[in-house]
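Beneath this line is the structure, given in structure tokens, with notes to follow.
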Amino acid sequence: MRNRRKRPIIRTHKKLTDMLADKKHDDHSSLQSTTISMDTSIQQKKQTEKHVGKLSPVLHVVVDRIKTLLGNPMDLIVREFEFELEHKVTATLLFLEEMNDSQVLNEFILSPLMSLSSDKQSSPVPVDHALHYIKQNALALGRVLDVETEDELVEALLAGLSVLLVEGNTKGLKLGTNGGKVRGIEEPTSEVVIRGPKDSFTESIKTNISLIRRRVRSKDIRIEKFKIGEVTHTDVAVVYLENIADPLLIQEIKERIEEVKTDGLLESGQLEEFIQDETVTVFPQFLNTERPDVVIGNLLEGRVGIIINGTPFVLIAPAQFIQFFQSSEDYYMRYDISTFLRLLRFSVFIISLIAPSIYIALTTFHQAMIPTTLLFGIAAQREGVPFPAIAEALVMEITFEILREAGIRMPRAVGVAVSIVGALVLGQAAVQAGLVSPAMVIVVGITAVASFAIPSFAVATSARLLRFPLMLISSVFGFYGLTLALIVIIAHLSSLRSFGYPYLSPFAPLQTQDLKDSLFRFPITKLFKRPEKLSKKNQTRTKPYSVKKKREEETTR
């Protein structure tokens, strides 16, 4: 029995080993077949990837595909026509109606192509050479480029170009027929000057670049373009003078722009938040302007301009705090007048920042610092006012901010009138009702007018924001708290950097050469050097110049 039981076990064991060996062999063969199938599938996938997005030689297939990709838009025009080469050829012109110039399309594309005939050709042109022949002989346009994929075709259409497709060709031509309605060049609205150019940037990046090139006819000007926004694909251009700007600054700006990943970019303020050095600050780290002469003046100093399609405001980097108190007309007037105006603007910034705080501190804690006669007058005015000085100031400041915002949002014809009349009526009514004192109305009015005298709206807004915490600190700690708060603000300004450049330059760190064009402006004949930290390649801006007094020499003879 044992032998009979052992044999089956041995036989079974042999069968199992055979089965395991067979299975191992089968697994190996299946692994090999799987590997082979995977290799073939990868090769097929690579081969198919090469052809994905390629234009089909059949026109209606390409047109249907483009309509599907764009969602069959109502403004997509598909113009089919025929022309003659070796024999009749069918072609299609695709464009978005409101983004192209219809006159250019009719006169320089459709008319020349439809008038083609075999009689005008020295030798018959085959269909597969049709695009090359058209590009060289039939299109009277300056910008004609090849299109090879569906993505390129869609991108060209959305950029305002037209695309020409020819039956039997796997390529197309994108044509520079951009047009449509755009805002013309007008006088700047946010930077009004008495003396100086009156043109301003528009929402078109091409127009803005042309405004710069018209003034800077130099071979050293460089314009590099980027696209930002996964959905909007907004065009961004970086402009600088290669022989003046610091290469490290240019590289840093381009790297920061390339790192921006977002769905859309609608205005320069959004890009400013992405690429600025410090986020937690109320002070602007970019100078924004809609004046071409301001951009060019900064390019000549070694700075870089950033132009964004869709907005008339161009960013200038790096920015220094003193720049926000300078105006373009400072360089078009005498140096003594310019110096006076710069000192005045900086003074009104200080007034806009701390005038209400000083009044609150004086009337609350430091009455001894007020002259006796003035103190009796202020006490008489405040005799019937039930609120402390801080409450008066907050009510009046918030009321004026509401009127200012309402004046901006209302129609232009009535906005200014409403803000002025509203301020006068509400101020007078508040005084008569005994809610605020006349002195507080005067202080708030001077503060508001001072904020409008600052050339830069961004810095004026910073003063408006800081005014409220300074008022609260002054109401609690008086001049001691106000002094400490101002020290903190100055320390914060000293710590700021704009693309690595000190924000308070040329005061901190002190640069004596750059002080000639800061709060004071020396005569242009004395401004020999560009800013020391900005232009390290070419620092000489003006050679020493002196007027020869020939008439005086002749009279002395």
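Since the model is a prediction, treat every value here as computed from it, not as a measurement.
- Proximity of T311 to F313: side-chain heavy atoms (C-beta onward) are separated by under 4.5 Å at one or more points.
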Candidate pair T447 and Y359, rule side-chain contact (heavy atoms from CB on, under 4.5 Å), full reasoning: CA-CA 11 Å; T447 304; Y359 178 81; over 6 Å; no
Stepwise side chain to side chain donor-acceptor pair (under 3.5 Å) test for D293 and Y331: CA-CA 11 Å; D293 57 329; Y331 300 94; over 6 Å; no
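- With values rounded to the nearest 0.5 angstrom, L211 atom CG is found 5.5 Å from R214 atom CZ.
- Side-chain contact annotation: N298 with Y240, donor-acceptor N/O pair under 3.5 Å absent.
- Residues I390 and T364 fail the side-chain proximity criterion, which asks for heavy atoms closer than 4.5 Å.
- With rounding to the nearest 0.5 Å, the separation of OG in S437 from CZ in F387 is 12.5 Å.
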Test side-chain contact (heavy atoms from CB on, under 4.5 Å) applied to I223 and I212, step by step: CA-CA 10 Å; I223 301 174; I212 294 176; 5.9 Å; no
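- No side-chain N or O of D101 forms a donor-acceptor pair with one of T177 less than 3.5 Å apart.
- Taking the ring centre of F452 as origin, the terminal cationic atom of R404 falls inside the region bounded by 6.0 Å and 45° from the ring axis.
- Across all non-hydrogen atoms, the minimal contact from L482 to S357 is CD1-CB, 4.0 Å.
- In this structure, the side chain of D330 engages the main chain of S327 through a donor-acceptor pair within 3.5 Å.
- By the neighbour-count criterion of 12 heavy atoms within 6.0 Å, atom OH of Y480 is sparsely surrounded, having that number or fewer from other residues, nucleotides or ligands.
- The side-chain hydrogen bond (donor to acceptor under 3.5 Å, both in side chains) test with S505 singles out one residue from R497, K533, Q511, E532, and that residue is Q511.
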From CA spacing to verdict: salt bridge (charged side-chain N to carboxylate O under 4.0 Å, His left out), E242, R222: CA-CA 6 Å; E242 189 179 28; R222 298 292 180 265; 2.7 Å; yes
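- Remark: the T232 side chain and the T234 side chain contain an N/O donor-acceptor pair separated by less than 3.5 Å.
- Between the S498 side chain and the P318 main chain, no donor and acceptor come within less than 3.5 Å of each other.
- Two residues are said to be in side-chain contact when any heavy atoms from C-beta on lie closer than 4.5 Å; V216 and S218 meet this criterion.
- Remark: the backbone N or O of A448 is paired with a side-chain donor or acceptor of S451 at under 3.5 angstrom.
- Rounding to the nearest 0.5 Å gives a distance of 10.0 Å between CG of N538 and CG of L241.
- Heavy-atom minimum distance, P284 versus A458: CG-CB, 3.6 Å.
- In this structure, R217 places its CZ atom where only 12 or fewer heavy-atom neighbours from other residues, nucleotides or ligands lie under 6.0 Å away.
- With 3.5 Å as the limit, one finds no donor-acceptor pair spanning the side chains of T262 and E230.
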Side chain to side chain donor-acceptor pair (under 3.5 Å) assessment of E191 paired with S328: CA-CA 9 Å; E191 298 173 81; S328 60; over 6 Å; no
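- A donor-acceptor pair under 3.5 Å is formed between the side chain of T339 and the backbone N or O of R521.
- Side chain of H366 to backbone of T363: no donor-acceptor contact under 3.5 angstrom is found.
- Atoms OG1 and CD1, from T373 and I378 in turn, are 11.0 Å apart once rounded to the nearest 0.5 Å.
- Heavy-atom contacts from other residues, nucleotides or ligands closer than 6.0 Å to NZ of K225 number 12 or fewer.
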Stepwise side chain to side chain donor-acceptor pair (under 3.5 Å) test for E186 and S200: CA-CA 6 Å; E186 301 173 355; S200 66; over 6 Å; no
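- Within a 6.0 Å sphere centred on CD of E258, heavy atoms belonging to other residues, nucleotides or ligands number more than 12.
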Step-by-step side-chain contact (heavy atoms from CB on, under 4.5 Å) determination, I354 to L486: CA-CA 9 Å; I354 63 174; L486 292 177; 3.8 Å; yes
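- Between Q270 and G264 the shortest heavy-atom distance is OE1-O, 4.2 Å.
- Without hydrogens or angle criteria, S352 side chain to A463 main chain gives no donor-acceptor distance under 3.5 Å.
- Between V236 and I306, some side-chain heavy-atom pair lies under the 4.5 Å cut-off.
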I358/M369 under side-chain contact (heavy atoms from CB on, under 4.5 Å): CA gap, chis, key distance, verdict: CA-CA 11 Å; I358 291 176; M369 298 179 65; over 6 Å; no
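- A donor-acceptor contact shorter than 3.5 Å links the side chain of R256 to the backbone of I275.
- The shortest heavy-atom contact between R467 and E401 is NH1-OE2, 3.8 Å.
- Residues F274 and E259 are not in side-chain contact: their nearest non-hydrogen atoms beyond the backbone lie 4.5 Å or more apart.
- Side-chain atoms of S190 and E290 include a donor-acceptor pair closer than 3.5 Å.
- Counting heavy atoms from C-beta on, the side chains of E278 and F283 never come closer than 4.5 Å.
- In this structure, R303 fails the cation-pi test against F499, since its NZ or CZ atom is not both closer than 6.0 Å to the six-membered ring centre and inside 45 degrees of the ring normal.
- A donor-acceptor distance shorter than 3.5 angstrom exists from the side chain of R291 to the backbone of P197, with no hydrogens or angles considered.
- V238 has its side chain within reach of V304: a pair of non-hydrogen atoms, C-beta onward, lies under 4.5 Å apart.
- The two atoms that bring I473 and A485 nearest to each other are CD1-CB, 4.0 Å, heavy atoms only.
- Inter-residue side-chain proximity for F226 and D235 is flagged as unmet; no heavy-atom pair is nearer than 4.5 Å.
- One N or O on the side chain of Q323 and one on the backbone of Q320 form a donor-acceptor pair closer than 3.5 Å.
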Verdict with reasoning, R342 to D517, per salt bridge (charged side-chain N to carboxylate O under 4.0 Å, His left out): CA-CA 10 Å; R342 288 186 181 182; D517 189 16; 2.9 Å; yes
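- Within a 6.0 Å sphere centred on CD1 of I194, other residues, nucleotides and ligands contribute 12 heavy atoms or fewer.
- The closest donor-acceptor contact from the side chain of R345 to the backbone of F325 lies under 3.5 Å.
- Atom CZ of F201 is separated from atom CG of N288 by 11.5 Å, given to the nearest 0.5 angstrom.
- Rounding to the nearest 0.5 Å places CG of L300 at 8.5 Å from CZ of R541.
- Within 6.0 Å of the NZ atom in K526, the count of heavy atoms belonging to other residues, nucleotides or ligands does not exceed 12.
- Considering all non-hydrogen atoms of both residues, I209 and A237 come closest at CD1-CB, 4.2 Å.
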